[in-house]
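One-based numbering, in listed order, for ligands and for the atoms of each.
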Amino acid sequence: MTHLADDRPRFVLDGRRIPFTPGQTIMDAALAAGVYIPHLCHKPGFAPHGSCRVCVVRANGRELSACTAPATADLEVESETDDIRALRVAVLQMLFAEGNHVCPACEASGDCALQAVAYHCGMLTPRFPQRFPRRAVDASHPDVILDHNRCILCELCVRASRDHDRKAVFAVSGRGIASRLIVDAPSGTLGDTDFSIDDLAAHVCPVGAILPRGQAFRVPIGKRRYDRAPISAVGDVAAPQAVEPEAQEVEP
Ligand code: SF4
Ligand code: FES
């Protein structure tokens, strides 16, 4: 039996040579090679977004987001170095300070990528003053709760609803610190949209902001996805209703 050589170009990531197909990002190629780079707003099968900055790496001396930077053969990328880890921890500490993330009281605990990435990156303490913003919990939908306190504005629900469900239920309004998730209804509440529990957008939230009702403790705390294995090992679990996007990058 003959083996075809993998003659794809490669870049160096923390000393490992990572093959890539032209057009792939550093993130795509790393994940395909089984190398985890922390991320929150990136999800295989979704168009890159580049908003959370958790995937920061240093490539040829410049900090950039691995989920949007194209892989090229001349790259020397650092990801798991002490100073890049410290940058990620600072980004995570800002995310935790900006919203109301109360892990011990959150029903997504153990299934939350923000919490799991913080564990992975070794974030142990808060650092910035907690903002404690006053945000709404939208319980208007019969099947789903939308808790704005936990939203990290990753726009995965926006992309899922627009690009996969073809509904555009969600959008982000405002800029900077005033940014917020809105829904497409005159009342501004989810119950007045055509959002459905069967939409992909109902199952992509990496935190506990979009939660199906009545399933909170179906899997007990301690036995959930990231309780059983670290996020670096579990990776991106496809949502149950995941469908292939049309004309978008899909991780090989
Ligand atoms: Fe991201 Fe969830 Fe907020 Fe949507 S509700 S933007 S999926 S954190
Ligand atoms: Fe790259 Fe969010 S995962 S910016």
Is a side-chain donor or acceptor of R58 paired with a backbone partner of I84 at a separation under 3.5 angstrom? no
Atoms of ligand 1, numbered as shown, that sit under 4.0 Å from any heavy atom of L181: 5 (S)
Minimal non-hydrogen separation, V12 against R17, with atom names: CG2-CG, 4.4 Å
Hey, does the side chain of N149 reach the backbone of N100 with a donor-acceptor pair shorter than 3.5 angstrom? no
Can you sort out which atoms of ligand 1 are near C157, meaning under 4.0 Å from one of its heavy atoms? 4 (Fe), 5 (S), 6 (S), 7 (S)
Pull out every atom of ligand 1 sitting under 4.0 Å from any heavy atom of C151, numbered as shown with elements. 3 (Fe), 5 (S), 6 (S), 8 (S)
Once you measure the plane-to-plane angle for Y36 and H39, does it fall in the parallel (<30°), tilted (30-60°) or perpendicular (>60°) bin? tilted
Can you tell me if V207 has a non-hydrogen atom under 4.0 Å from ligand 1? yes
With a heavy-atom distance limit of 4.0 Å, tell me whether E155 approaches ligand 1 through its side chain, its backbone, both, or neither. backbone
When you look for heavy atoms under 4.0 Å from ligand 1, do you find them on the side chain of A209, its backbone, both, or neither? side chain
Could you check atom 1 (Fe) of ligand 1 against the protein and tell me its nearest heavy-atom contact, residue, atom and distance included? C154 SG, 2.3 Å
Give the numbers and elements of all ligand 1 atoms closer than 4.0 Å to a heavy atom of I152. 3 (Fe), 8 (S)
Identify which one of I210, D143, D184, L146 satisfies the side-chain contact (heavy atoms from CB on, under 4.5 Å) criterion when paired with L190. L146
Which atom pair, heavy atoms only, marks the closest approach of I18 to V35? CD1-CG2, 3.8 Å
Polar protein atoms near atom 1 (Fe) of ligand 2 [N, O or S; cut-off under 2.8 Å]: C55 SG, C67 SG
Using a 3.5 Å distance criterion without hydrogens, assess whether the side chain of R150 forms a donor-acceptor pair with backbone atoms of V207. no
N/O donor-acceptor pair under 3.5 Å between R85 side chain and C121 backbone: no
For C154, is there any backbone N or O sitting under 3.5 Å from a side-chain donor or acceptor partner on R159? yes
Parallel, tilted or perpendicular, judged at 30° and 60°: which one describes the rings of H101 and F96? perpendicular
Test item: D194 side-chain N/O and K167 main-chain N/O as donor-acceptor pair under 3.5 Å: no
Within the 4.0 Å heavy-atom cut-off, what I210 brings close to ligand 1 is side chain
May I ask you to identify the nearest protein heavy atom to atom 2 (Fe) of ligand 1, giving residue, atom name and distance to one decimal place in Å? C205 SG, 2.3 Å
